[in-house]
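Naming convention: chains lettered A, B, ... in sequence-line order (proteins, then strands); numbering from 1 in each chain.
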Number of protein chains: 2
Amino acid sequence: MLKISELGARTGLSPHTIRFYEKHGLIEASTRTEAGYRYYNDSDVRRAEFVKTARNIGFSLDDIGQLLSIRVDKESHSCQEVTDITRHKLNEVNERIAELESMRTTLSRLLASCCGGPEQATHCSIMDALDNGEVETRQRAGTA
Amino acid sequence: MLKISELGARTGLSPHTIRFYEKHGLIEASTRTEAGYRYYNDSDVRRAEFVKTARNIGFSLDDIGQLLSIRVDKESHSCQEVTDITRHKLNEVNERIAELESMRTTLSRLLASCCGGPEQATHCSIMDALDNGEVETRQRAGTA
DNA sequence: TATAAGCTTAGAGTTAACTCTAAGGTCAAT
DNA sequence: ATTGACCTTAGAGTTAACTCTAAGCTTATA
Ligand SMILES: [Zn+2]
Ligand SMILES: [Zn+2]
Ligand SMILES: [Zn+2]
Ligand SMILES: [Zn+2]
């Protein structure tokens, strides 16, 4: 039986994050001491590790919730349900990659066009391009 | 001179977003009527279009603020400053793409391993992989 | 003149996934 | 018995970029 900080050490999650995941139904301590301390048994630990693995892959907490509900009752769920979740995630990832690649292309082209030197930016081709909207503008914006 | 909704139509930004950008110092209406209505002149419109173009490329509002401060006084700034901002963004984009490609690889491999059929998930190789942490887990997680 | 469309502000809400704080209780070791 | 490390809870704060609401004014049209 592990305490919360020990589970944290095992999984690489902070106690704060573990409690946060608990609040969202992802992780549970099947035992509590009288004082309320959480204790995690082997099954709890495996579930927590499952969560961490899924998180590392990039699944959202919501996705993970669905995967967990399959995990606790595999007989009632199909491989298709699992691949649906996985494929949906893959589609999101592919879309985002396409957006980012479009940004990359634009940024590279801009960089290639500018001297990058210490001269005044009055003649800067990047500023010019931004001023003139000379940029293929297919995708949604968004942080890196 | 354009009203806020007309500027919105021109740029594809909502009036809400235009006011939000104003609050963050990106866009300004150089004239206001007595009643307080914003009116945008040609220069304001060009600045707003610059912002929209930069946003489309993927620059953050913070990046755009820096680009704008160069834009209003190009003599005092260099091409190097412009490329620094651009290259920094490109680096972020490249890092994010690398993370997402790692996710894509993992997700594709998982999908390839599972039958995806209507059978019970008791034998599902995706669930097994998640249970056993059999996944290369190099990158930070994050939504799509 | 009445109605509707559009404008104003301040400020709250949204989303995801944490991250931290405060105030106090518990436990192992000295 | 006293540290000090660790635990508890409820709830607030963070980040980015919006997005919306409320309550009330203005303007154009019919
Ligand atoms: Zn130059
Ligand atoms: Zn330049
Ligand atoms: Zn199967
Ligand atoms: Zn399967």
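A salt bridge links B:E101 to B:R104: one of the charged nitrogens lies within less than 4.0 Å of a carboxylate oxygen. Using a 4.0 Å cut-off between a side-chain N of Lys or Arg and a carboxylate O of Asp or Glu, B:E49 and B:K52 do not qualify as a salt bridge.
Here CD1 of B:I97 is found 7.5 Å from CD1 of A:I97. Values are rounded to the nearest 0.5 Å.
A donor-acceptor distance shorter than 3.5 angstrom exists from the side chain of A:T106 to the backbone of A:S102, with no hydrogens or angles considered.
Atoms CG (B:N56) and P (D:dC18) sit 11 Å apart, rounded to a whole Å. In this entry the distance linking CG of B:D63 with C1' of D:dA16 reads 12 Å, nearest Å.
Looking at residues two or more places apart in sequence or on another chain, you find no side-chain hydrogen bond (donor to acceptor under 3.5 Å, both in side chains) involving B:S5.
Contacts between residues 3-17 of chain B and DNA chain D, counted as heavy-atom distances below 4.0 Å, involve B:H16, B:T17. Contacts of residues 18-39 of chain A with DNA chain D (heavy atom under 4.0 Å): A:R19, A:R32, A:G36, A:Y37, A:R38.
With 3.5 Å as the limit, one finds a donor-acceptor pair spanning the side chains of A:D63 and A:S60.
None of B:E75, B:E81, B:K74 except one satisfies the side-chain hydrogen bond (donor to acceptor under 3.5 Å, both in side chains) rule with B:H77; the exception is B:E81.
Residues B:C79 and A:M127 fail the side-chain proximity criterion, which asks for heavy atoms closer than 4.5 Å.
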